[in-house]
Amino acid sequence: MAISNPPVLAVVVPCYKETEALPESLPRLLQVLDELSASRLISPESFVLCVDDGSPDNTWGTILAAAGRDSRVQGLALAHNAGHQYALLAGLMDVRTRCDAAVSIDADMQDDPRAIIEMVQAWHSGAEIVYGVRRSRDTDTWFKRNSARAFYKLQHSMGLQSVYDHADYRLMSARALDILSRFKEQNLFLRGIVPLIGLNTSVVYYDRHERVAGESKYPLKKMLAFSVDGITSFSARPLRWIFFTGLGLLVIDIVVACYVLISLLYGNPVSGWSSLMLSVWFLGSLILMAVGVTGEYIGKIFTEVKARPRFIVRERFPE
């Protein structure tokens, strides 16, 4: 599938505290670029852009050192820790006018970099978005495997068009990147936004591996927060659930009221304190949950209305 005028491919790598991982992951990414370039599937001018998401360690220094050894390595430093999704978007928006397609991949190399070869082949076959999807979750713990399945099922039940077992490992054409740039929301959930772009899509399956170095930047607490952001950014169904829960409770209240009136008419003593307290605590919990869900949406509106910059670039190498 050699091409006479091969296109430029950019590989975007969001980084946060990846001083240990980058010396392992960058040579592997550059080797993949070498193979694709030798096959004339991509241009020799293809490059890797590492986005430092305000890391407190020497991640930026590691990126600069790698760029000094190989000109295909470039760096983008954000002014503060904006978060994985914003760092990834910053990288994609930086390269979209300088490449024909971009691949996003994390620095830990849990996503097999050699799948990029198949992604590029699928792109040349007409796909403008190619999703990297895990072949299986056999290496996950029981909790991780089942919680992930529950998360994807919940997303689909909420109406999200997310791709099952796909994280942020994907290839996007320059056209797809241009369309992505039109999405201006502050509450960023790329796994839900990218499927909205449409265009021709394809899937490449790969096996997920252990981190090459360092530790996971997504503990359970962050994963739960990420899940809530994804759902509340794309679906209003939780608000409808509150409404229908209220209707169901209204029916229960009517039944209880009828029971109380019948008890009074026939002189039966009313069961008092225990049932009353249980009802108060039950309804109080539901009210607090309803306020919490509503607050999530109000918070999202508050963030969107302010329209602050989603990320601020501190430094770029090369300039």
Side-chain angles (χ1 to χ4, degrees), residues 6-38 41-109 111 113-117 119-120 123 132 168-174 176-178 180-181 190 212-214 217 309-319:
V8 174
L9 178 72
V11 179
V12 177
V13 186
C15 307
Y16 181 69
K17 297 197 293 187
E18 299 291 3
T19 304
E20 298 178 10
L22 284 172
E24 299 288 336
S25 57
L26 283 175
R28 294 172 62 178
L29 291 172
L30 293 172
Q31 181 181 359
V32 170
L33 293 186
D34 286 336
E35 291 185 31
L36 288 168
S37 178
L41 290 175
I42 63 172
S43 168
E45 297 179 1
S46 299
F47 59 93
V48 177
L49 176 70
C50 297
V51 183
D52 178 22
D53 186 21
S55 302
D57 62 359
N58 193 39
T59 295
W60 182 241
T62 304
I63 294 171
L64 293 179
R69 293 189 297 269
D70 194 315
S71 61
R72 292 175 297 173
V73 177
Q74 302 178 11
L76 188 72
L78 302 189
H80 61 90
N81 179 225
H84 177 272
Q85 295 290 280
Y86 298 95
L88 177 54
L89 182 68
L92 293 174
M93 294 302 99
D94 185 80
V95 304
R96 73 185 179 92
T97 58
R98 302 189 287 123
C99 69
D100 298 292
V103 171
S104 56
I105 184 172
D106 289 339
D108 55 23
M109 295 291 104
D111 300 322
R114 297 198 62 77
I116 295 175
I117 298 173
M119 289 182 179
V120 170
W123 170 43
D168 286 300
Y169 188 23
R170 67 180 76 87
L171 178 148
M172 299 180 69
S173 68
L177 291 174
D178 285 338
L180 177 63
S181 69
L190 290 173
V212 293
K217 308 304 185 298
R310 291 180 289 186
F311 52 83
I312 298 172
V313 176
R314 185 190 77 227
E315 188 176 348
R316 186 182 277 106
F317 184 86
E319 293 290 343

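All figures in this text were calculated on a predicted structure; none of them were measured in a lab.
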Between side-chain atoms of residues 87-94 and protein atoms elsewhere (two or more places apart, or another chain), which donor-acceptor pairs fall under 3.5 Å?
from, atom 1, to, atom 2, distance (Å)
Asp94, OD1, Arg316, NE, 2.8
Asp94, OD1, Arg316, NH2, 3.0
Asp94, OD2, Arg98, NH2, 2.7

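- Nearest approach of Ala67 to Phe317, heavy atoms of both residues: CB-CE2, 3.5 Å.
- The minimum heavy-atom distance between Arg314 and Trp60, with the atom names listed, is NH2-CD1, 3.6 Å.
- Phe47 places none of its side-chain heavy atoms less than 4.5 Å from the side chain of Asp70.
- Ile116 contributes atom CD1, which lies 7.0 Å from atom CG of Leu33 (distance to the nearest 0.5 angstrom).
- Contact check for Leu78 versus Val313: side-chain heavy atoms found under the 4.5 Å cut-off.
- The distance from the OG atom of Ser25 to the CD atom of Glu20 is 11.5 Å, given to the nearest 0.5 Å.
- Looking only at side-chain heavy atoms (C-beta outward), Asp106 and Glu18 stay at 4.5 Å or farther from each other.
- To the nearest 0.5 Å, the span separating CG on Asp53 from NE2 on His80 amounts to 8.5 Å.
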* CA sep, side-chain torsions, deciding dist, call: Met172, Arg96, side chain to side chain contact (heavy atoms under 4.5 Å, CB included) -> CA-CA 10 Å; Met172 299 180 69; Arg96 73 185 179 92; over 6 Å; no
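- When all heavy atoms are compared, the tightest approach of Pro14 to His84 is CG-NE2, 3.7 Å.
- Between Thr62 and Asp57 there is no side-chain heavy-atom pair separated by less than 4.5 Å.
- For the pair Leu36/Ser46, no side-chain contact is recorded, criterion being any heavy-atom separation below 4.5 Å from C-beta on.
- Here the side chains of Asp34 and Arg72 are in contact, with some heavy-atom distance below 4.5 Å.
- Here the shortest heavy-atom pairing between Tyr16 and Gly54 reads CE1-O, 3.9 Å.
- In this structure, CG in Asp100 is found 5.0 Å from CH2 in Trp123, a value given to the nearest 0.5 Å.
- Taking 4.5 Å as the limit, some side-chain heavy atom of Leu22 sits within range of a side-chain heavy atom of Cys15.
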* Let me see the working for Leu26 and Cys50 under side chain to side chain contact (heavy atoms under 4.5 Å, CB included), right down to the final yes or no. => CA-CA 9 Å; Leu26 283 175; Cys50 297; 3.7 Å; yes
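- No option in Val48, Leu171, Leu49 other than Val48 meets the side-chain contact (heavy atoms from CB on, under 4.5 Å) test with Val11.
- When all heavy atoms are compared, the tightest approach of Leu41 to Pro7 is O-CD, 3.4 Å.
- One distance of note links CD of Glu315 with CG of Asp52; it measures 9.5 Å at 0.5 Å rounding.
- To the nearest 0.5 Å, atoms SG (Cys99) and CG (Leu9) are separated by 7.5 Å.
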* To do: Please report the C-alpha distance between Met109 and Arg28 in whole Å, then the side-chain angles of each, then the deciding distance to 0.1 Å, and finally whether the side chain to side chain contact (heavy atoms under 4.5 Å, CB included) criterion is met.
  => CA-CA 9 Å; Met109 295 291 104; Arg28 294 172 62 178; 3.7 Å; yes
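- With a 4.5 Å cut-off on side-chain heavy atoms, Arg170 and Leu190 count as touching.
- The shortest non-hydrogen separation linking Tyr86 to Phe311 is O-CD2, 3.8 Å.
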